[in-house]
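Here the structure comes first, spelled out in structure tokens, and everything after it is commentary.
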2 protein chains.
Amino acid sequence: MSRPTVAGVARAAGVSVASVSRVLNGLPATEEMVERVQRAVEELGYVPDARARSLKVGRTFQLTLAVADVGNPVYVTMMRAVEEVVSAAGYRLVVTTTGPDVVDEVALVRGMARGYADGLVISPLRVDDDLIKSIRECDVPVVVAGNVPASAGVDTIRANSPKGMLLAVEHLLQKGRRRIAFLNGPRDTVPGTARAKGFAEAMKANGLRPVAEVEAADFTFAAGREAGRELLSGLTAGPNRADGRGAAAGGRAGAGGRGTKGRKQVPDAVIAANDLLAVGLMHELAAVGLEVPKDVAVVGMDDSELAEQSFPPLTSVNLGSAERGRRAAELLLARIDDDTRTPRRIVVQPTLSVRRSTP
Amino acid sequence: MSRPTVAGVARAAGVSVASVSRVLNGLPATEEMVERVQRAVEELGYVPDARARSLKVGRTFQLTLAVADVGNPVYVTMMRAVEEVVSAAGYRLVVTTTGPDVVDEVALVRGMARGYADGLVISPLRVDDDLIKSIRECDVPVVVAGNVPASAGVDTIRANSPKGMLLAVEHLLQKGRRRIAFLNGPRDTVPGTARAKGFAEAMKANGLRPVAEVEAADFTFAAGREAGRELLSGLTAGPNRADGRGAAAGGRAGAGGRGTKGRKQVPDAVIAANDLLAVGLMHELAAVGLEVPKDVAVVGMDDSELAEQSFPPLTSVNLGSAERGRRAAELLLARIDDDTRTPRRIVVQPTLSVRRSTP
DNA sequence: ATCGTTCTTGTAATCGTTTACAACCGACAC
DNA sequence: GTGTCGGTTGTAAACGATTACAAGAACGAT
């Protein structure tokens, strides 16, 4: 006994397929007709085939959100926001993960081109011409949560990293920290370059020079630890500890301190490009006996759930991931509604969530 | 200029639609035919319509993983494992989130019944007859990562919570902790009941009685904090601190200690049903000045990425989420291949990942 | 009684693929 | 020259829904 189709239901109910379809879609029909069809549907356990339906009507009522790494908590914030908006609009949201490579991203956009979903939100880590081309050629609407050139002719919604960096730097400054280091993610990613630039500007605007700058292999916790270790190497002994008892287990002595030639200054604050990186760093700080925030203040970025879960809770720049998710979803829905509207480029402003990782 | 279809390509290449389809699917054709078709495809930027294709061939080459809460790090572990297996098999994985309610879960299974995917892995928090019925009626294969009755006639793969609890209890015991409390998630969920039962058994087997048992509203960080507060209320002053300087800021004196009547015993260890709950609890412990693991040891469950990210890193029962994900995916693929095989019920064994939240 | 109107229902075309089947073509053996 | 055989290619029928269009029914007005 095979799965019932609309034809089977029609036969069972003794009516035509058109009538079945009409009843199922709530078009006007007589009381009796509705009753007969519904009974047949019930009896056969009929469930319409989504593929056939969407082939005919041209819509799937599914929307896709593609993220690079499901383990990154910033995406859960976005995901929640997107989900809320699209499900309120009667769409089902599905999430796929692309990994960090741009080629996979391109493959996804290409593959999505026909039939898997009515629209797509992507938040690409890396962008190249192929990706832009595939977005432009994609015949389902795409909105980019991130930074692509205006020439791509696509709705975008992005964060204001430079402003966020400024908030972080000024907060630290106000708390009396001046020896600020930067723990970035990969420079060849979109957020990586934006944050590097923002950090440099923010420091310059306040007349500061970074005491150190390291680059993690990617935006993950493990990479954060590794980069944190690199950042700390060679400067674990220094004037940071008020009690002067030094820090590292190894405890190798050294001049340290600012201005000492041939040796990096010891930071009294680190800004990380990401909450995961920040937390990774904090583990390394603890490992060498530095206390947060007493010895070193730490500021993360994204203000994800991890920021409040970490210990100490992490002061973090809120780059508006929830709002970006919400508005990305809204842009997508609007464009599905009307494909001719001119692409918008929205920038959302950051705020700072102060927690206990800064004094 | 509308999107090209196979007919358009055929016209452009001066061949029949069948030939186009054959070339696209790699069926035998002459050199020249292949060449002409490919040129036309290239030129028109043709992308096949997934809906139409899957309508005809009966497969979508998509698999769905439905999880209750994307914010729960245990699911990212599972997700990664599932993704790896299914993508190696040529499927695309999509993830949807259902929320904690069983009705949404049922709706998902029902809706998935026709056409959205070739198979479904669900990990339901709550199970009722409706859900089981919908799974049985679903005409795409379903595998359940969790516990449903064998009568459901479905492949399942589940953790061994009781054994996991035993590992946790015995580890604590071995470290000299005997006043063990339990921070559970909602009792009306599948994991909630399993863990409650497992905890009770494990304690009994070791001749211990729980000093406290609280139930969080759900398996989230926020709920963990709240339940942690509840657990700690009224017993924040006690003999736990070795230095005897009491604990809470308020520092109210009290008899505390074991056996004191009218007053709960002060735990020297807490097992949480979940890493998120454990981390929430640790925040509350810190808030009242109790140190982990010196004053109170904490054991989480799931051994998710959060366990190593938390501070101190969390000793956690590894319930095999990665393996469960992997094997769930394998079961699903096997069943897609052959729907007649008798349902398997796999149990994966837990291990303990010892970190620094226990002495 | 006839006509027009409105409302309901059925027939058949359509969406964009795949694929069973038949037609065709050239080669080869008799 | 004809029949057979392999191999390519084309025609047309699916897959399972929606929907334009036409036909029929009911009903009141003329």
Side-chain angles (χ1 to χ4, degrees), chain A residues 1-38 40-41 44-62 110-118 139-140, chain B residues 1-38 40-41 44-62 110-118 139-140:
Chain A
M1 191 183 69
S2 179
R3 289 129 191 181
T5 72
V6 64
V9 174
R11 205 174 318 117
V15 302
S16 77
V17 293
S19 299
V20 173
S21 174
R22 278 192 283 262
V23 169
L24 258 33
N25 294 340
L27 298 177
T30 59
E31 188 110 348
E32 196 215 334
M33 174 65 77
V34 174
E35 214 269 335
R36 288 171 73 172
V37 170
Q38 278 176 348
V41 165
L44 301 181
Y46 168 76
V47 179
D49 185 306
R51 299 179 297 245
R53 171 166 219 281
S54 80
L55 173 58
K56 186 67 176 123
V57 302
R59 318 182 76 179
T60 64
F61 293 95
Q62 282 201 144
R110 287 253 159 76
M112 199 56 60
R114 293 303 280 283
Y116 283 116
D118 297 340
D139 36 33
V140 350
Chain B
M1 191 181 70
S2 180
R3 288 129 191 180
T5 73
V6 66
V9 174
R11 207 174 319 119
V15 302
S16 77
V17 292
S19 300
V20 174
S21 175
R22 278 189 211 103
V23 171
L24 259 33
N25 294 341
L27 298 177
T30 59
E31 187 109 349
E32 195 215 335
M33 174 65 79
V34 174
E35 215 268 336
R36 287 171 74 173
V37 170
Q38 277 177 348
V41 165
L44 301 181
Y46 167 77
V47 179
D49 185 307
R51 299 179 297 245
R53 169 164 221 281
S54 81
L55 173 59
K56 187 64 179 139
V57 302
R59 317 181 77 179
T60 65
F61 293 94
Q62 282 201 142
R110 287 251 159 78
M112 199 57 59
R114 291 305 279 286
Y116 283 117
D118 297 340
D139 35 34
V140 351

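Since the model is a prediction, treat every value here as computed from it, not as a measurement. Quick note: numbers below take in every heavy atom, side chains included, and nothing from hydrogens, waters or symmetry partners. Residue numbering restarts at 1 for every chain, and letters A, B, ... go by the order of the sequence lines.
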Base, sugar-phosphate or nothing for B/Ala7? Non-hydrogen atoms, less than 4.0 Å.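 No contact.
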Sugar-phosphate, base or nothing in reach of B/Ser21, heavy atoms under 4.0 Å: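 The answer is base, as B/Ser21 lies within the cut-off (heavy atoms under 4.0 Å) of a base atom.
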State whether the side chain of A/Asn25 and the backbone N or O of A/Leu27 hold a donor-acceptor pair below 3.5 Å, judged by distance alone.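 No, because the side chain of A/Asn25 does not come within donor-acceptor range (under 3.5 Å) of the backbone of A/Leu27.
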Looking only at atom types and distance, does a side-chain atom of A/Arg53 sit under 3.5 Å from a main-chain N or O of A/Pro48, one as donor and one as acceptor?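 No, the answer is negative, given that no donor and acceptor are paired below the 3.5 Å cut-off.
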Separation between [atom1] of [X] and [atom2] of [Y], rounded to the nearest 0.5 Å:
| X | Y | atom1 | atom2 | answer |
| --- | --- | --- | --- | --- |
| A/Asp118 | A/Met112 | CG | CE | 11.0 Å |
| A/Thr5 | B/Arg114 | OG1 | CZ | 8.0 Å |
| A/Gln62 | A/Tyr116 | CD | OH | 11.0 Å |

Walk along DNA chain D from 5' to 3' and tell me the first and last nucleotide with an atom closer than 4.0 Å to a non-hydrogen atom of chain B.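 Contact span on the strand: D/dT8 to D/dG16.
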Anything under 4.0 Å to a heavy atom of chain B counts; send over the first and last such nucleotide of DNA chain C, read 5' to 3'.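 Nucleotide range in contact with chain B: C/dG16 to C/dA20.
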Answer whether the closest heavy-atom distance between the side chains of B/Glu32 and B/Val15 falls below 4.5 Å.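 Counting from C-beta outward, B/Glu32 and B/Val15 never come under 4.5 Å.
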Does a side-chain heavy-atom distance below 4.5 Å link A/Val23 with A/Val41?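 A/Val23 vs A/Val41: side chains apart.
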Nearest heavy-atom neighbours spanning [X] and [Y]:
| X | Y | answer |
| --- | --- | --- |
| A/Thr60 | A/Gly115 | CG2-O, 3.4 Å |
| A/Ser54 | B/Arg51 | OG-CD, 2.6 Å |
| A/Val17 | A/Ala10 | N-CB, 3.7 Å |

For DNA chain C, the residues among residues 47-57 of chain A that have a non-hydrogen atom under 4.0 Å from it: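 Only A/Leu55, A/Lys56 qualify.
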